Amino acid sequence: MKKIGVFTSGGDSPGMNACIRAVVRTAVYHAVEVIGVNRGYNGLIEGDFVELKSHSVANILQRGGTILKSARSEEFKTKEGRKKAFSTIKSAGIEGIIAIGGDGTFTGANEFNSEFDIPFIGIPGTIDNDLFGTDNTIGYDTALNTVIDAVDKIRDTASSHNRLFFVEVMGKDAGFIALRSGIATGAEAILVPETKTYINELIHKLEQGRRKSKTSGIVIVAEGDDAGGAFEVAKKVKEKFDYYDTRVVVLGHVQRGGSPSAKDRVLASQLGNAAVEKLLDGEVNKMVGIVNNQLVLTPFEKAIKHNKELNTNLLKLVEVLSI
Ligand code: F6P
């Protein structure tokens with residue numbers, strides 16, 4: 001293989017730049033040319049390419065976002081769009097592709113690979129941590145630290161005013177951010193999409209806390225919780241339990257930005273390197289990941305489809321520690 005492409009796709013995540021750097025530098029080490037594809041699958045369809053040399057990725061390791069930009073492509077979901085992408089790949093002489101992204105990115109890659117003969121290797125880059133085949137996705141640790149920093153600050157004002165805060169964190173289908181940030185901030189309750197939320201139980205818990213002299217509280221709500229987002233949950237609680245003055249904070253896209261943590265920089269560097277090595281070894285249609293400190297390859301179709309289980313023992317831990 002003499003020329004490969006690399007792109008970032010879906011929601012950006014801190015560490016994507018560190019990962020692009022690792023991909024480019026590893027390819028250069030093996031005397032392989034690298035084409036950067038701008039704007040994910042849209043750039044692949046339109047041929048929005050840029051040559052990446054070793055110096056092109058200097059001084060980006062510590063920067064949030066992605067120098068290649070990112071997008072969620074509607075056109076790539078169509079057969080016509082994928083056909084166009086195939087012909088731009090071919091005419092640019094690209095022989096293999098590294099896709100950095102999440103669930104949607106690998107769903108697209110899997111579909112493409114079933115129709116066309118271009119090898120793809122995926123790297124898990126999403127703050128959601130919802131991919132099977134890796135303990136952590138690139139960006140998850142940084143996002144967690146961003147949430148923790150924000151919730152600690154909310155805790156200060158919550159306790160000063162005797163208020164109950166409902167804090168919404170990202171995760172439209174997964175509760176990984178909610179669960180870990182909730183434990184790390186000592187939240188009174190954590191609501192995640194993976195388990196059914198019963199508002200009465202939540203109220204019961206808050207009442208218990210109040211009886212034990214709690215004067216304020218934090219409820220972390222994953223945006224995709226079945227009871228609704230933080231505004232909806234707050235409204236439902238308030239209807240039956242009016243003890244606290246309540247406030248809602250939606251942390252939103254602040255969770256996706258910022259300089260990557262040490263953990264994310266190292267993970268991004270390891271996985272960027274491994275992806276190139278595996279592509280050159282002839283691996284196809286797989287995501288690289290690290291499980292128990294071991295590099296593993298997982299077929300795209302297994303990495304996606306919400307196969308990664310949330311550690312519900314941690315939810316039990318909240319029950320014990322938050323009373
Ligand atoms: O996929 C990552 C994610 O951060 C989700 O947790 C969130 O629901 C979504 O992206 C938001 O995406 P957008 O940038 O399109 O608003």
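We count ligands from 1, going down the list as the structure has it; atoms in each ligand are counted the same way. All figures in this text were calculated on a predicted structure; none of them were measured in a lab.
Considering only non-hydrogen protein atoms, atom 5 (C) of ligand 1 sits nearest to D128 OD2, 3.3 Å. Of the protein's non-hydrogen atoms, the one nearest atom 12 (O) of ligand 1 is R72 NH2, 2.8 Å.
Nearest residue to atom 10 (O) of ligand 1 from E223, H253, R256, M170 is R256 (criterion: closest heavy atom).
Listed by number with element, the atoms of ligand 1 under 4.0 Å from a non-hydrogen atom of G171 are 6 (O).
Contact check for E33 versus I4: no side-chain heavy atoms found under the 4.5 Å cut-off.
Taking a cutoff of 4.0 Å between a charged side-chain nitrogen and a carboxylate oxygen, E207 and K205 do not qualify as a salt bridge.
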Next item on the list: Carefully, step by step, assess N200 and K240 under the rule side-chain contact (heavy atoms from CB on, under 4.5 Å).
Entry: CA-CA 9 Å; N200 284 345; K240 297 186 185 163; 3.1 Å; yes

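A cation-pi geometry, defined here as NZ or CZ lying under 6.0 Å from the six-membered ring centre and within 45° of its normal, holds between K196 and Y198.
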